Structure formats: C-alpha cells, structure tokens
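Keep in mind that what you see is a predicted model, and the values were worked out from it rather than measured.
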Amino acid sequence: MILEKIKKENDIKNLEPEELELLAEEIRKFLIEKISYTGGHLASNLGVVELTMALHLVFDLPKDKLIWDVGHQAYTHKLLTGRKAGFDELRKYGGMSGFPKRKESDCDAFDTGHSSTSISAGLGYVAARQIQGKDHQVVSIIGDGSMTGGMAYEALNNASRLKSNFIIILNDNNMSISENVGGMSNYLNGIRTANAYKELKKGVEDTLLKIPVQGEKIVQRMKRTKSGIKQLVVPGMFFEDMGITYLGPVDGHDINKLQKVLNDAKKVDHAVLIHVLTKKGKGYQPAEENPARFHGTGPFVVETGEPRMENGKDSYTDVFSKVLCDIARKDKKVTAITAAMASGTGLDRFQKYFPERFYDVGIAEEHALTFAAGMAAGGLKPVVALYSSFLQRAYDQAIHDICLQNLPVVLAVDRAGLVGSDGETHQGVFDLSFLSSIPNMTVMSPKNRWELADMLRYAVAFEYPIALRYPRGEAYEGLSEYRAPIEYGKSEMIYQEKDIAILFVGHMAKIAESVREILKEKGYFCSLVNARFVKPIDEKMIEQLSNHHRLLVTIEENVLIGGFGSQVLMHISEQNKKVQVLNVGIHDNYVEHGNIEVLRKDAGLDAKSIAEQVMKKYETVRMEK
C-alpha cells in the first residue's frame with residue numbers, strides 16, 4: 001500500500017508521480033472503512049483528498065501553516081502527517097480529535113470547529129510572520145458554505161490591504177451542511193458555469209502576444225487594470241475588486257493542476273484566492289448522492305450506506321419538528337429560521353410543508369437573530385432553531401436586537417448539554433449561563449418528550465423573548481405521568497419527602513431519578529423537583545424546600561458559573577436561609593470529545609458520582625447540625 005509509506009509529515013514528497021493517484025484511492029477507501037465504524041465527517045473529507053495532497057506536496061509542514069476552516073475536513077491532513085493509527089480511536093474519549101488540534105500535532109496550526117474563522121486566523125499568522133521577520137507560507141482553506149458567514153468578509157476586507165503573500169483557498173462544493181443559499185452561492189455558481197474561462201483567457205492572451213513589439217505590453221497593462229482580461233469572463237470580479245488576486249476555477253481533483261496553481265500563488269506579493277471546485281462525497285456513491293446525510297454520520301454499512309443502528313424512536317429534534325409543524329398549521333404567523341442546519345434542527349419538515357414561511361440564512365447566526373427580531377417587530381412569530389454551540393455566536397444580537405426590545409422571538413436551542421464526539425467546540429454547556437444573564441429573556445428546559453411539546457406550544461404563544469433548551473438524541477419518555485400545565489416561572493414537584501431535595505434541569509431527569517433511587521436504597525429521604533424554568537427560577541418552591549430540607553442539590557448539564565445552580569445559591573444567600581446547597585454541573589473547563597456517558601462520568605455527572613457527592617455533602621451537613 002502506498003499509504004503505508006506515509007509515516008510523518010512531508011513523506012508524500014518522496015512518492016513517485018504515478019503513485020499519487022493510487023494514494024488518493026487508498027485514502028478514500030481507508031476513510032470510508034474507518035468512519036463506517038467510528039462515525040464522523042465523511043462527505044467533506046472525501047471531497048478534499050486531492051486538494052489536501054497537493055497542499056502537502058507544495059508546502060513544508062509544520063514550518064508552513066495550513067488553517068482549516070471548521071476543520072471537519074482535515075482527516076486526509078491527519079493521515080499525511082503520520083496519524084493513521086489514531087483513526088481506530090477517532091472521536092473517542094482520549095483518542096484523536098475529529099478536528100485540528102494544536103496540542104495533537106505541530107502540523108495543526110489552529111484549533112477549529114466553527115465556521116468562517118480561517119481567514120481571520122490566517123491574517124493573524126501573517127501579521128506574526130511580518131513582525132518577527134519570518135518567511136513561511138500561510139494558507140487558509142475555507143469552504144463556500146463558510147463564505148456565507150459575515151466574519152469571512154470582515155477578514156477579506158483586511159486581507160485586501162496586505163503587502164505580503166497570503167493564500168486563501170476557496171473549497172467550493174456548493175454545500176455547507178445543507179445546500180448553500182444566498183447571493184454568494186449564486187455568485188460562485190456563475191463562476192462554476194464559466195467553463196470556457198481559462199480557454200478564453202488563454203486565447204485572448206495568445207492573440208495579443210502575437211502583436212509585434214506592443215503585444216506583451218498590452219497584456220501586462222490589461223492585467224494591471226480593473227478592466228483586465230478576467231473582467232471579460234468572470235461575473236462581478238468580487239475578489240479582484242477588493243484587491244485580492246483571483247485564480248481559478250481549478251479542478252479540485254486534479255493534483256497536477258492544483259500543484260501548479262498553488263506554486264503560482266506563492267509568487268504573489270499580496271493576498272491571493274484560489275477557487276477550487278470539488279465534489280462533496282467523491283468516491284463513495286451514497287455520499288455523493290446524499291452529501292448532507294454523510295456530512296456528520298454515525299456508523300454505517302459500507303455496501304449500502306445505511307446506518308448500523310436505528311432504534312426508530314423520536315429524538316428531541318424530531319419532537320420539536322413535528323410539534324412546530326402542527327402549531328404552524330393553525331397559526332399562519334409562525335415562521336421558522338435556521339442557519340444552514342435545516343436537517344440537523346428538524347426544520348426540513350417545516351420547509352416541506354410551509355416553504356413560504358421557512359428561511360435558511362446560511363451560516364449566519366448573528367443575522368438569523370436580528371432577522372427574527374425584525375419579523376417579530378413586524379407582527380410575526382419567528383422560531384429560530386440553532387445548535388447551542390452556534391448560538392454563542394449571536395449573543396450580542398440576543399441582547400441588543402431581541403431582548404432589549406422585548407420581542408417575541410423563540411430560540412429553539414438544540415444540541416444543548418454534552419453532545420459527545422465533536423468535542424470542545426460543539427459541547428452545548430454554556431447556553432444556560434449566557435441566556436440567563438440577559439434581561440427580558442425566559443429560559444425553559446423540558447424533562448421529556450411530552451414536556452418539550454407542551455413547552456414549545458407555550459413558547460410560541462408567549463409574547464416576549466423565550467429560549468427552549470433540549471439535547472441531542474433520543475427523547476426521554478420517563479416521568480410521563482407528571483404533566484402539569486406549564487405556568488410561567490413554576491417548577492414541578494415529582495416526589496416530596498424531606499432532608500434532601502434534588503432540583504434537576506431538563507434532560508437530567510433520568511439521571512436525577514437514578515440518583516434518588518440510589519439515595520433511597522441507602523436509607524435517605526429525598527424530594528425530586530423538575531425545575532422547568534431556569535430563568536426565572538421558582539423562588540417560592542426554593543423557599544418551600546429550604547424550610548423542610550437540610551440540603552438542596554441542583555443538577556444541570558451546563559457550566560456551573562452563571563448556571564441554574566448558581567442562581568439558586570444566590571437566592572438562598574440573599575434570603576439568609578440556613579439550608580446547604582450542592583451545585584452539580586460542568587466545572588470551569590472545556591469538555592473534550594468522547595462518548596457522552598464516558599464524558600459524564602469523567603465530569604462527575606453520572607448517577608453514581610452524583611449520589612456519592614450528595615451523600616458526602618449530606619453527612620457533613622448532618623454532623624454540623
């Protein structure tokens with residue numbers, strides 16, 4: 001196998017030219033086989049095999065810096081830097097990350113996980129190179145999906161002023177996670193379809209160069225002006241007009257052409273953008289036919305592409321999707337907004353039934369929230385569905401555009417809590433804290449599938465900003481006998497006893513139940529309360545519990561700082577209550593990738609660990625009495 005010859009970075013340069021095509025085939029076969037067992041990002045990685053190989057052939061790692069936007073397409077990069085053995089533990093706890101990680105390899109120049117960041121980071125590297133008098137190359141690889149994010153244009157605006165080389169590679173596969181939308185997508189489509197671009201450019205140049213004496217001068221003069229040769233054939237000349245040299249489009253699966261254009265780009269003394277056309281999922285038919293399905297996939301059967309395991313039960317996202325459509329059938333003012341995540345958030349169902357009220361704004365979370373604010377101000381009832389970790393990007397818009405005006409926008413916060421294998425950049429463990437800090441914001445979290453349905457109906461009817469927070473995965477069906485109507489700011493008593501009271505947030509219901517069972521087996525009395533509202537907290541319930549219990553325990557899958565537990569603790573302190581409080585949640589740290597159950601155990605958030613913490617704390621309290 002050719003792949004066996006790759007032991008470390010730059011080994012690809014020792015291969016014979018005829019071996020490169022075989023290597024590309026072996027890499028695709030290797031990735032398909034490995035990801036079919038581990039799960040991971042398949043389609044995006046299959047699409048950049050030749051591009052990554054060309055980058056490693058032209059540049060010298062780790063001296064030169066490759067910065068991958070989002071980073072989920074860096075699997076081939078990891079293979080070519082000697083990390084083949086790590087794929088057996090890909091995205092597992094303690095194993096290799098599915099994203100670039102500086103602590104994992106010197107060849108990973110920048111930690112990524114969210115989109116539209118690579119050009120900004122690359123500019124930072126260029127500035128560091130200039131100030132320190134170094135001479136390495138800096139290359140940022142960004143997808144066309146990430147070019148729908150505003151941060152990319154802020155960076156391009158600054159890149160246009162550079163006086164030294166900086167290479168931006170636009171990996172154009174016409175996809176983010178879902179199919180791309182908007183003006184930039186249309187612009188790039190125009191360039192994609194200009195198939196005769198290179199031929200025409202070369203023909204014009206060749207004709208002019210045949211003019212005796214003056215021909216070459218004419219060509220050079222045209223290249224230096226905004227009415228240059230490219231203006232004749234490339235629509236808009238967006239990048240050139242910004243002062244960034246545009247090269248392409250180039251076939252992203254032709255290694256020879258890629259090497260040539262990369263070497264040409266190295267000679268430019270300012271920012272240069274190479275437009276590379278690739279096919280997402282290339283080399284594996286199921287992924288080519290359904291790239292969104294294989295963007296981030298669980299284990300699957302290679303022969304068919306079908307998932308290895310299907311339990312057939314609804315996820316929280318499925319419940320949200322079905323109930324929202326039911327609400328929208330009866331209320332024509334309800335609209336749905338997503339940021340390039342129609343399938344992931346379940347809004348593809350809404351899109352199917354109500355296309356005129358569905359909006360995919362691309363990877364533009366900030367715009368999504370202000371857009372929703374405008375809708376609400378105009379009399380509509382917008383529901384914005386985003387992953388928790390992506391909602392972080394729109395914190396200012398939540399404050400300034402929604403909550404300051406007290407507008408009735410519903411934030412459907414999907415993938416809240418620990419999400420597992422994608423790691424630090426994707427864990428949804430900050431939303432309770434940053435949302436609870438905003439005046440006028442109400443925050444709810446359901447204990448099971450039925451409460452999610454009830455809370456969504458409540459939220460859409462609510463006349464002020466409100467966030468509904470729920471996790472990834474199968475919707476819990478326990479505690480189904482407890483379904484009291486949702487009342488603003490009111491929690492729900494599940495079991496009422498004495499001594500110890502557990503207050504849990506949302507999907508921690510199952511774990512909280514298990515903790516109580518362990519405590520009961522050990523002879524402790526224990527009440528169990530479903531918080532329901534994280535903001536406002538149910539102060540009346542907390543005071544009632546304080547009068548009849550020695551210890552209050554809060555359980556949440558969120559960072560402890562600023563979360564539900566800290567609010568309970570602050571209220572107890574302000575009221576001078578003598579009851580003790582134990583806050584259980586995520587400590588002040590980032591949570592790496594791995595199986596969720598393993599991560600919970602490591603964080604002390606599994607039932608056994610929590611029960612041990614509670615018993616230890618309670619015995620201390622009892623001795624103090």
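Under 4.0 Å is where a charged nitrogen must lie from a carboxylate oxygen, and between K103 and E424 at least one such pair does. Ion pairing between D135 and K63 holds under the 4.0 Å rule for side-chain N and carboxylate O. Ion pairing between E366 and R393 fails under the 4.0 Å rule for side-chain N and carboxylate O.
For the residue pair N171 and T278, a side-chain donor N or O sits within less than 3.5 Å of a side-chain acceptor on the partner. N10 and D60 share a donor-acceptor pair across their side chains, judged by distance under 3.5 Å alone. The closest side-chain donor-acceptor pair between E104 and S97, if any, does not fall under 3.5 angstrom. Between the side chains of D318 and S321, no donor-acceptor pair is found at a separation under 3.5 Å. Between H77 and D108, the side chains place a donor N or O and an acceptor N or O closer than 3.5 Å (distance only, hydrogens not considered).
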For residues 33-43, tabulate all N or O donor-acceptor pairs below 3.5 Å that involve a side-chain atom, not counting sequence neighbours.
residue, atom, partner, partner atom, Å
K34, NZ, D88, OD1, 2.4
S36, OG, E33, O, 2.6
T38, OG1, K34, O, 3.2

Run the side-chain donor-acceptor check on residues 296-304: report pairs under 3.5 Å with partners two or more places apart or on a different chain.
residue, atom, partner, partner atom, Å
T297, OG1, R293, NH1, 3.2
T304, OG1, E306, N, 3.1

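Exactly one of E556, E597, R600 qualifies for a side-chain contact (heavy atoms from CB on, under 4.5 Å) with L605. That residue is R600.
Between the CZ atom of R415 and the CG atom of L386 there is a distance of 12.0 Å, given to the nearest 0.5 Å.
Between Y284 and F294, the distance separating the two ring centers is shorter than 6.0 angstrom. Between H507 and Y470, the ring center distance fails the sub-6.0 Å criterion.
A 4.5 Å side-chain heavy-atom check between L162 and L123 finds at least one atom pair inside the cut-off. Annotation: side chain of H593 is not in contact with side chain of H426 (no heavy-atom distance under 4.5 Å).
A cation-pi arrangement is present between K266 and F59, with the terminal nitrogen or guanidinium carbon under 6.0 Å from the aromatic centre and inside a 45° cone about the axis.
Residues F99 and D422 share a closest heavy-atom pair of CE1-O, 3.5 Å.
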